[in-house]
Amino acid sequence: MSEVHDARPALGMPRFPLARIAAPLCRPSPEECAEDYTWFRERLTDSDLLESTVGVKVGGTVLLAVPAGRSRSGGYLSVGTVADAVRVWAALRGRHGFPRVRLSLAVNRYTCHAVDWGPRQPWDHADRGRYFGYTPSAIDAFLHHVSSATGWTMT
């Protein structure tokens, strides 16, 4: 079972009332989150970032939050409710590897809300893959999938 950590703001960060509702953080075990670890390990240029991964407990599930650093400029976690988004935001705010943590609330009720960190994501798919620190082969595979699904050819 994962060890749960205090989700209070990091030292030097001002206290804020939402700290009491922050989602619990844990050190996720590779066995507990094997599918997610495998997914990231196959795509990240620098898989050593997985050693600094934070587990965020949301609704009984551990979500992996891979920090920014080295080849990775930022990241995000998708959640189903505004309350969960606020809890994840409160948990990651001020933590090393999670700069500029912010909420991205969905306008469509059929899409997920997100908690983003790092600078704003680029719009271009290839640039976004590099932003997330993915390998060139992972980016190429995604671009091929997108072009096959839409009928567009990437030139």
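- Residues C26 and K57 are in side-chain contact: their nearest non-hydrogen atoms beyond the backbone lie under 4.5 Å apart.
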Apply side chain to side chain contact (heavy atoms under 4.5 Å, CB included) to residues T61 and L63 and explain how you reach the verdict. CA-CA 6 Å; T61 301; L63 304 175; 4.1 Å; yes
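- The nearest pair of heavy atoms linking H113 to G80 is CD2-O, 3.6 Å.
- Among all heavy-atom pairs drawn from G55 and P28, the shortest one is N-CD, 3.3 Å.
- By the 4.5 Å heavy-atom criterion applied to side chains, W39 and L64 are not counted as neighbours.
- Between V56 and L25 the shortest side-chain heavy-atom distance falls below 4.5 Å.
- Across all non-hydrogen atoms, the minimal contact from G118 to R102 is O-NH1, 2.6 Å.
- In this structure, R87 CZ and W89 CH2 are separated by 13.5 Å, a value rounded to the nearest 0.5 Å.
- Using modelled atom types, one side-chain atom of W117 and one backbone atom of V66 make a donor-acceptor pair closer than 3.5 Å.
- Atom-to-atom distance recorded for D116:CG and L92:CG is 11.0 Å, nearest 0.5 angstrom.
- Here F40 contributes atom CZ and D46 contributes atom CG; the two are 13.5 Å apart, rounded to the nearest 0.5 Å.
- Ring orientation note: the planes of F132 and Y76 are tilted relative to one another, at an angle of 30° to 60°.
- Y134 OH to L44 CG: the interatomic distance, rounded to the nearest 0.5 Å, is 6.5 Å.
- Shown here for V88 and A23, the closest heavy-atom pair between the two residues is N-CB, 4.2 Å.
- The structure places CG of L77 at 11.0 Å from SG of C112, a figure rounded to the nearest 0.5 Å.
- Note that the OG atom of S29 and the OH atom of Y37 stand 7.0 Å from one another [nearest 0.5 Å].
- Closest of all the heavy-atom pairs between P119 and R100 is CA-NH1, 3.4 Å.
- Minimum interatomic distance between S47 and R41 (heavy atoms only, all atoms of both residues): CB-CG, 4.3 Å.
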